[in-house]
Amino acid sequence: YSSSKDDRIPTVTVPVASMSLEAGRKVEFGDIAIMKLTPAQMKAQNITGAYMSNTKQIIGRVLKKAIKALEESKGKAQCRQVWMDYFKSP
C-alpha cells in the first residue's frame, strides 16, 4: 500500500490495459496504464485475490485473448483477469 499526502487514504498500484489489445499481441510498456486505487475502489471494480501488480511481470508476455481498454470495459479495471488469465503459457 501507498498513501497520498493529500488525503492519507491508502492506495494500491494496479496496472491495467491502456488500450484495447488483440490476442497474440506481445505486451509493451505503452500498453499498460497505472492506476492508484483505494481498497474500496478495488472492491467496487471486483479486483480481488492475487493480481500482477508489477509491470515487469507483464511486459513482454503474449496475450492469449483480446482485452478491452478501461474505457471500453465500462470503467471496470480488468487487471486481475488480464495479467493472470490472458497470457499464453511460456
Side-chain angles (χ1 to χ4, degrees):
Y1 286 103
S2 64
S3 181
S4 143
K5 290 181 181 179
D6 298 336
D7 54 18
R8 305 281 187 225
I9 296 173
T11 58
V12 178
T13 300
V14 181
V16 297
S18 64
M19 64 186 86
S20 293
L21 304 172
E22 295 298 319
R25 181 184 178 103
K26 187 175 184 178
V27 179
E28 298 176 3
F29 180 77
D31 297 332
I32 302 168
I34 303 297
M35 296 180 64
K36 296 276 189 177
L37 301 176
T38 66
Q41 290 170 321
M42 289 183 71
K43 183 177 179 181
Q45 294 190 27
N46 296 320
I47 303 170
T48 60
Y51 68 94
M52 292 180 171
S53 61
N54 187 326
T55 58
K56 291 179 183 178
Q57 299 170 298
I58 301 166
I59 296 169
R61 298 193 63 182
V62 177
L63 295 171
K64 66 180 176 182
K65 54 185 174 179
I67 178 146
K68 293 180 180 179
L70 184 62
E71 307 82 49
E72 295 173 17
S73 59
K74 298 181 182 171
K76 299 288 185 185
Q78 294 187 9
C79 64
R80 188 171 74 87
Q81 311 85 289
V82 171
W83 311 132
M84 295 187 76
D85 298 339
Y86 280 54
F87 289 125
K88 291 184 177 183
S89 299

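None of these values were measured; they are calculated from a predicted model. Only this structure's heavy atoms are used, side chains among them; waters, hydrogens and symmetry mates stay out.
Nearest heavy atoms, G30 versus S18: O-OG, 2.8 Å. Across A23 and K65, no two heavy atoms sit closer than the pair CB-CA, 3.6 Å.
M52 contributes atom CE, which lies 4.0 Å from atom CZ of R61 (distance to the nearest 0.5 angstrom). The CE atom of M42 sits 10.5 Å away from atom OG1 of T11, with the distance rounded to the nearest 0.5 Å.
Legend: residues meeting side chain to side chain contact (heavy atoms under 4.5 Å, CB included) with E28, ordered by chain and number and at least two apart, are D31. Residues meeting the side chain to side chain contact (heavy atoms under 4.5 Å, CB included) test with I34, sequence neighbours left out: T13, P15, I32, T55.
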